[in-house]
Amino acid sequence: MAPSLVLTGARVVLPTGVVDDGRVSVAGTRITAAGPAGAAPPAPADAEVVDASGHWLVPGFVDLHNHGGGGASFAGSAEDALTAVRTHRAHGTTTLVASTVTDDLDLLARRAGLLSELAEQGDIAGIHFEGPFISPCRKGAHSEALLRDPDPAEVRKLLDAARGQARMVTLATELPGGLDSVRLLAEQGVIAAVGHTDASYEQTVEAIDAGATVATHLFNAMPPLGHRAPGPITALLEDERVTVELINDGTHLHPAALQLAFHHAGADRVAFITDAMDAAGVGDGRYLLGPLEVEVADGVARLVEGGSIAGSTLTLDRAFRRAVTVDRLPVTDVVKALSVNPARLLGLSDRIGSLEPGKDADLALLDAAFTVKGVMRRGEWVLAPQLP
Ligand SMILES: [Zn+2]
């Protein structure tokens with residue numbers, strides 16, 4: 001198909017590296033060409049040509065862990081969920097997995113039914129159940145009264161309610177039923193994520209051997225790394241089979257902890273997530289996270305009762321900018337953490353995660369300071385390009 005849109009002049013991040021004077025062609029919902037301008041055929045006369053000189057073109061971001069944004073959450077109505085999705089899309093997140101928080105099991109099953117419809121329509125990329133199968137010792141912003149041990153029958157109940165749209169379950173694998181639940185998830189093709197856990201190093205190794213492949217917001221809601229008790233962090237960082245989620249908002253992680261994880265796991269095993277709640281893309285104020293009240297001040301969300309950090313107000317464009325300008329990570333590594341790796345984890349690498357012919361035209365246009373100036377999803381601008 002002849003391209004209907006050609007983006008020229010940008011620094012394009014391709015799987016092979018950065019091309020300075022790059023060109024990306026789009027026809028319908030797909031990318032038809034991506035590469036150096038010199039190697040590309042001339043744009044057809046009837047194609048729209050967008051001169052993106054001085055800008056970056058990167059693959060749309062993929063968020064594995066997100067509870068809401070734009071004043072709405074994935075615990076509300078379908079309209080609320082779509083508000084959250086649209087808020088994050090305007091910040092470059094073209095693929096998003098909706099996360100639930102601990103709640104009553106029947107309520108979670110009903111919520112999963114609603115979210116599965118949105119997944120079937122392609123609005124979200126599936127569901128991540130964070131809780132209720134987590135440790136009371138590391139509950140973070142989850143209601144203690146509603147926590148339960150990971151009974152495989154109850155895990156299966158949630159998977160059934162999600163009608164094939166469950167993508168990930170975060171659980172404390174050291175609890176009774178934990179390892180059996182991990183095996184069940186692995187069998188069902190659902191990611192078993194170790195998180196909100198009080199597991200030892202040895203127990204975490206067992207969980208990985210049973211099939212766990214993701215660390216839910218590494219460092220947060222788990223025992224710290226100690227030299228005589230290396231804990232889950234060490235086990236998760238050292239195993240090639242595991243991808244570690246990091247919340248790069250400057251609050252959840254010290255920059256040195258991020259460097260430690262990045263250097264140890266390598267750029268192919270890190271996924272930046274938002275863990276965003278309703279306040280993302282809005283501002284300070286009072287919000288709800290599941291059944292719990294949260295106060296957001298200076299962009300930091302904390303439980304009103306007890307003061308635990310309660311999700312973030314992060315959007316992935318900010319995580320990108322911070323990773324390049326504060327953490328000084330190479331742009332190609334940041335693209336891996338924001339697009340390539342999460343797409344691979346979701347089994348969607350054939351469609352999204354990189355700028356290659358045949359893939360969905362999901363891309364973010366960033367200026368030289370890494371601020372989002374345009375977002376395209378499946379060939380349509382969801383944020384029209386703002387170019388000088
Ligand atoms: Zn979360």
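Only a predicted model underlies this, so the values are computations on that prediction, with no experimental measurement involved. Note that ligands are numbered from 1 as they come in the structure, with each ligand's atoms numbered from 1 the same way.
In the hydrophobic clustering (ILVMFWY side chains linked at under 4.5 Å, chained through shared members), Leu175 stands by itself.
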Extract all donor-acceptor atom pairs below 3.5 Å that involve side chains of residues 375-388 and protein atoms in other chains or at least two apart in sequence.
from   : atom 1 : to     : atom 2 : distance (Å)
Arg377 : NE     : Thr94  : O      : 2.8
Arg377 : NH2    : Gly122 : O      : 2.9

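Residue Asp268 is tested with Arg344, Arg241, Lys336 for a salt bridge (charged side-chain N to carboxylate O under 4.0 Å, His left out); the sole match is Lys336.
Taking the six-membered ring for Trp and the full ring otherwise, His217 and His65 have centroids separated by under 6.0 Å.
For the Zn ion (ligand 1), the count of nearby protein N/O/S atoms, taking only those under 2.8 Å, is 4.
Contacts of Ala33 classified as side-chain contact (heavy atoms from CB on, under 4.5 Å), with partners at least two apart in sequence or in another chain: Ser25.
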**OP:** Dump the intermediate steps for side-chain contact (heavy atoms from CB on, under 4.5 Å) on Phe74 and Val85, then the final yes or no.
**Re:** CA-CA 9 Å; Phe74 295 115; Val85 165; 3.9 Å; yes

